[in-house]
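Shown next, in structure tokens, is the structure this report addresses.
Chain naming here is simple, since letters A, B, ... match the order of the sequence lines and numbering starts at 1 in each. Here the structure is a predicted model, which is why all the values come from computation and not from measurement.
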Amino acid sequence: GEQVEQRPPHLSVREGDSAVITCTYTDPNSYYFFWYKQEPGASLQLLMKVFSSTEINEGQGFTVLLNKKDKRLSLNLTAAHPGDSAAYFCAAVNYGNEKITFGAGTKLTIKP
Amino acid sequence: EAAVTQSPRNKVTVTGGNVTLSCRQTNSHNYMYWYRQDTGHGLRLIHYSYGAGNLQIGDVPDGYKATRTTQEDFFLLLELASPSQTSLYFCASSVQRSGNTLYFGEGSRLIVV
């Protein structure tokens, strides 16, 4: 079945710096991808989603890049601010069985 | 905005104990899910349902039962709790399964001692 590897598990950057979180997946039938944000002590909320193509989505200071050839999904933060401190999870949806597979998560800390 | 409410938010039980986690969603979503979240594993699907009376097995179902009594209510049952079931449990709902945003509840932290 699908395996989603998310890196790094922990990431600390200074306010104003950039950050990149990457997920690689194994199943070429994965066709829909999500990024969820989980603030400390809170639930997961949708940050962004991207469909099956080489696609760039932007919003809330983040850019999502999907490269189907390399089976890689990345979440790029261009200028971190304290409100971005959270755990981030990628998720891949399989076209055949509609199964959703989550990455293990990245805990992002923004230092002043 | 979708609203998913879980109870209890925190629970401590003993090994062999009986626990029921409750979830209610108020947006008429068809699908409801139970996940567990553990460090290093992300979210893993326990059970899900696409309507009242329906139950589908997820990826880590052992030791768990679930029941969808109405479109709004989805319960997770641990009839003989074990320490390995100590985890943070999330309920979620979505309109359809594929490609649809999951709306999560606040989580229920369970400790089995």
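- Side-chain contact check for B:Ser82 and B:Ser84: at least one donor-acceptor pair (N or O, by modelled atom type) lies under 3.5 Å.
- Applying side chain to side chain contact (heavy atoms under 4.5 Å, CB included) to A:Phe34 and the options A:Leu46, A:Leu73, A:Leu47 leaves one that passes, A:Leu46.
- Interface remark: A:Gln6 contributes no atoms to any contact with chain B (heavy atom separation under 4.5 Å).
- No side-chain donor-acceptor contact under 3.5 Å links A:Thr22 to the backbone of A:Ser74.
- For the set B:Leu45, B:Thr39, B:Asp59, the entry with the most heavy-atom pairs within less than 4.5 Å of chain A is B:Asp59.
- Taking non-hydrogen atoms and a 4.5 Å limit, the residue list of residues 79-90 of chain A in contact with chain B, ordered by number, reads A:Phe89.
- Taking the six-membered ring where the residue is Trp, B:Phe104 and B:Tyr35 present tilted rings, their angle falling between 30° and 60°.
- In this structure, chain B has a heavy atom under 4.5 Å from the side chain of A:Tyr36, while its backbone stays farther away.
- Using a 4.5 Å cut-off between heavy atoms, B:Gln6 does not touch chain A at all.
- A donor-acceptor distance shorter than 3.5 angstrom exists from the side chain of B:Ser108 to the backbone of B:Pro8, with no hydrogens or angles considered.
- The aromatic rings of A:Phe33 and A:Tyr25 sit tilted relative to each other, their planes meeting at an angle between 30° and 60°.
- Neither the backbone nor the side chain of B:Tyr48 comes within contact range of chain A; no heavy atoms are under 4.5 Å apart.
- In this structure, B:His29 and B:Tyr103 have tilted ring planes: the angle between them lies in the 30° to 60° band.
- For B:Asp38, no part lies near chain A; criterion is any non-hydrogen pair under 4.5 Å.
- A donor atom on one side chain and an acceptor atom on the other are found under 3.5 Å apart for A:Gln38 and B:Gln37.
- Atom OH of A:Tyr95 has 12 or fewer neighbouring heavy atoms from other residues, nucleotides or ligands inside a 6.0 Å radius.
- For A:Lys107, no part lies near chain B; criterion is any non-hydrogen pair under 4.5 Å.
- Contact annotation for B:Leu43: both backbone and side-chain heavy atoms come within less than 4.5 Å of a heavy atom of chain A.
- There is no side-chain donor-acceptor pair under 3.5 Å between A:Asp27 and A:Ser30.
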